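For reference, the structure is listed below as structure tokens.
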There are 2 protein chains.
Amino acid sequence: MILARIILGFLSLQPMTGYDLMRAFGSSATYFWSADKAQIYRTLATLVADGHARIETVPGTHGPDRAVHHVTPAGRVVLREWLASDPDRQPPRDAFLARVFFAGELDDAALARLIRSRRGDAVAVRDELMELRARTAHPDPRADRAGWLRSMTLDDGIRDHTAHIAWLDELLAELEEP
Amino acid sequence: MILARIILGFLSLQPMTGYDLMRAFGSSATYFWSADKAQIYRTLATLVADGHARIETVPGTHGPDRAVHHVTPAGRVVLREWLASDPDRQPPRDAFLARVFFAGELDDAALARLIRSRRGDAVAVRDELMELRARTAHPDPRADRAGWLRSMTLDDGIRDHTAHIAWLDELLAELEEP
DNA sequence: ATCCGCATGTAAGTGGTTACATGATTCG
DNA sequence: CGAATCATGTAACCACTTACATGCGGAT
């Protein structure tokens, strides 16, 4: 269960409520994982049941009480084991590549539309990531390794999208050639 | 349901049995989607129930009868609609990036081991894709557009892995610097 | 007053994985 | 004679998504 590990990772950086995690997945984690609240609350419950997290109830400042989750020592062990373990098996799932693979069925106009639409999305995501990198700190690997690693994951996303955009441009160039 | 569309795509290239599809997912489709047989047989059954595919039973040459599935005209419409439709929403899921994001917990040796292990996997996949590209034809976009598109999807995978390996090398270089 | 953000969850459904179950043919 | 490949499927479980359900406090 990768999601449980990721949540443990966030809690190890800072104790959080389910709602805080929702926002974390909507910002810092967007480019490597996503989770909706139903999943988050369910996973928090199992983490507590397994003794990997514990709840500290804090009176809510505006509304219901906040169930702030902390990692327990056992949870920290599980997190570290995951980080150092063999790679998670992750079968590839890329619906866009799948479409291109079968797009011989499509006429030229529809194909160009498909690729341009994808290009627009990819550029938007890349720009968003670049903005995020510009806004946040670039820590030195030796002074703040944890922060440096977090900023490097952003870098990978930016390069990834850049390479993909270049590939889309090649496709378009071939399609538009006389 | 993306899997149903992909299967429709394969059947549109050539009528196939569930077993044939298993092999197709194990070879041509490996770099953009994966599916195991339980899923394939279940999805074929729903395609037939929905009238998007029909079965032609052919006596087996060595073993049970082959249930060869053909796309129906209705199925072909559904496939073409998918190909031209708005992009499928696909939340990002990259367990390795997630690990790097939280890898501040890890000591230098464990971190380097993690990155080198990933590098090994990425190089292996890239080489496999490059071999596959060397072995297969590179059709001309104008003479055989469908074939050209299929070979281009391979290209994207190769570039993607190449960019990722370069990023991993940068990580390692920083870690090993005095 | 009404809407937005904070904060908690449950229920039902879909999609994906693992394990179980069977049997013929072909190659070494 | 045993292992691999061809060929079919079912059952149970796990992970993820969508929709439902509730209610306070602060801003416009």
Side-chain angles (χ1 to χ4, degrees), chain A residues 1-8 10-11 15-27 29-30 32-50 53 55-69 82 88-95 98, chain B residues 1-8 10-11 15-27 29-30 32-50 53 55-69 82 88-95 98:
Chain A
M1 234 208 177
I2 296 168
L3 180 61
R5 309 286 174 265
I6 293 175
I7 288 178
L8 232 31
F10 275 118
L11 297 183
M16 287 185 182
T17 65
Y19 196 81
D20 294 333
L21 282 163
M22 264 177 58
R23 280 178 305 183
F25 277 100
S27 57
T30 18
F32 62 81
W33 208 269
S34 93
D36 67 343
K37 65 190 166 81
Q39 242 183 311
I40 289 168
Y41 284 113
R42 195 172 1 109
T43 306
L44 280 174
T46 68
L47 283 175
V48 171
D50 293 348
I55 296 174
E56 190 196 354
T57 307
V58 174
T61 48
H62 34 247
D65 287 353
R66 296 166 46 84
V68 180
H69 290 70
W82 173 61
D88 311 271
R89 273 176 292 93
Q90 277 205 283
R93 303 210 177 272
D94 188 326
Chain B
M1 233 208 178
I2 296 168
L3 180 61
R5 308 286 175 267
I6 292 175
I7 287 179
L8 233 31
F10 274 119
L11 297 183
M16 285 184 183
T17 66
Y19 196 81
D20 294 334
L21 282 163
M22 265 177 57
R23 279 179 306 185
F25 277 100
S27 57
T30 19
F32 62 80
W33 209 269
S34 94
D36 67 343
K37 66 192 166 77
Q39 243 182 311
I40 290 169
Y41 284 114
R42 204 187 333 132
T43 306
L44 280 173
T46 67
L47 283 175
V48 171
D50 293 348
I55 296 174
E56 189 196 355
T57 306
V58 174
T61 49
H62 34 245
D65 287 355
R66 295 165 46 82
V68 179
H69 289 71
W82 173 61
D88 311 273
R89 273 175 292 95
Q90 278 205 284
R93 303 209 177 273
D94 189 325

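To find a chain, count down the sequence lines: A is the first, B the second, and so on, and within it residues start at 1. Worth saying up front: this structure is predicted, and the values here are computed from it rather than measured. Reckoned from all heavy atoms, side chains included, excluding hydrogens, waters and symmetry mates.
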Going by heavy atoms in the side chains, are [X] and [Y] under 4.5 Å from each other?
{"X": "A/L11", "Y": "A/L44", "value": "yes"}
{"X": "A/W82", "Y": "A/D88", "value": "yes"}
{"X": "A/D20", "Y": "A/H69", "value": "no"}
{"X": "A/F25", "Y": "A/I6", "value": "yes"}

Got a second to check how far [X]'s [atom1] is from [Y]'s [atom2], nearest 0.5 Å?
{"X": "A/D65", "Y": "A/E56", "atom1": "CG", "atom2": "CD", "result": "11.5 Å"}
{"X": "A/T43", "Y": "A/I2", "atom1": "OG1", "atom2": "CD1", "result": "12.0 Å"}
{"X": "B/R93", "Y": "A/L3", "atom1": "CZ", "atom2": "CG", "result": "8.0 Å"}
{"X": "B/Q39", "Y": "B/M22", "atom1": "CD", "atom2": "CE", "result": "12.5 Å"}
{"X": "B/I55", "Y": "B/R66", "atom1": "CD1", "atom2": "CZ", "result": "13.0 Å"}
{"X": "A/I7", "Y": "A/M16", "atom1": "CD1", "atom2": "CE", "result": "10.5 Å"}

Heavy-atom pair with the smallest gap, counting every atom of B/P15 and B/V68: CB-CG1, 3.7 Å

In whole Å, what is the span from the [atom1] atom of [X] to the [atom2] atom of [N]?
{"X": "A/R66", "N": "C/dT8", "atom1": "CZ", "atom2": "P", "answer": "7 Å"}
{"X": "B/I40", "N": "C/dT18", "atom1": "CD1", "atom2": "P", "answer": "14 Å"}
{"X": "B/D36", "N": "C/dT17", "atom1": "CG", "atom2": "P", "answer": "6 Å"}

Sequence-aligned protein contact record of nucleotides 9-15 of chain C, with B where the base is within under 4.0 Å of a protein heavy atom and S where only the sugar-phosphate is: BBB---S

Position toward the 5' end of DNA chain D (nearest nucleotide), B/R93 or B/P64: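 Taking each residue's closest nucleotide, the earlier one in sequence belongs to B/P64.
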
B/R89 or B/D65, whichever maps to the more 5' nucleotide of DNA chain D: B/D65

Five-pair end axes of the helix from C/dA1-D/dT28 to C/dG28-D/dC1, angle between them (10°): 30°

Residues from residues 15-24 of chain B lying under 4.0 Å of DNA chain D - heavy atoms: B/T17, B/G18, B/Y19, B/R23

Nearest-nucleotide pick for B/P91, side chain only, options being D/dT17, C/dG16, D/dG23: D/dT17

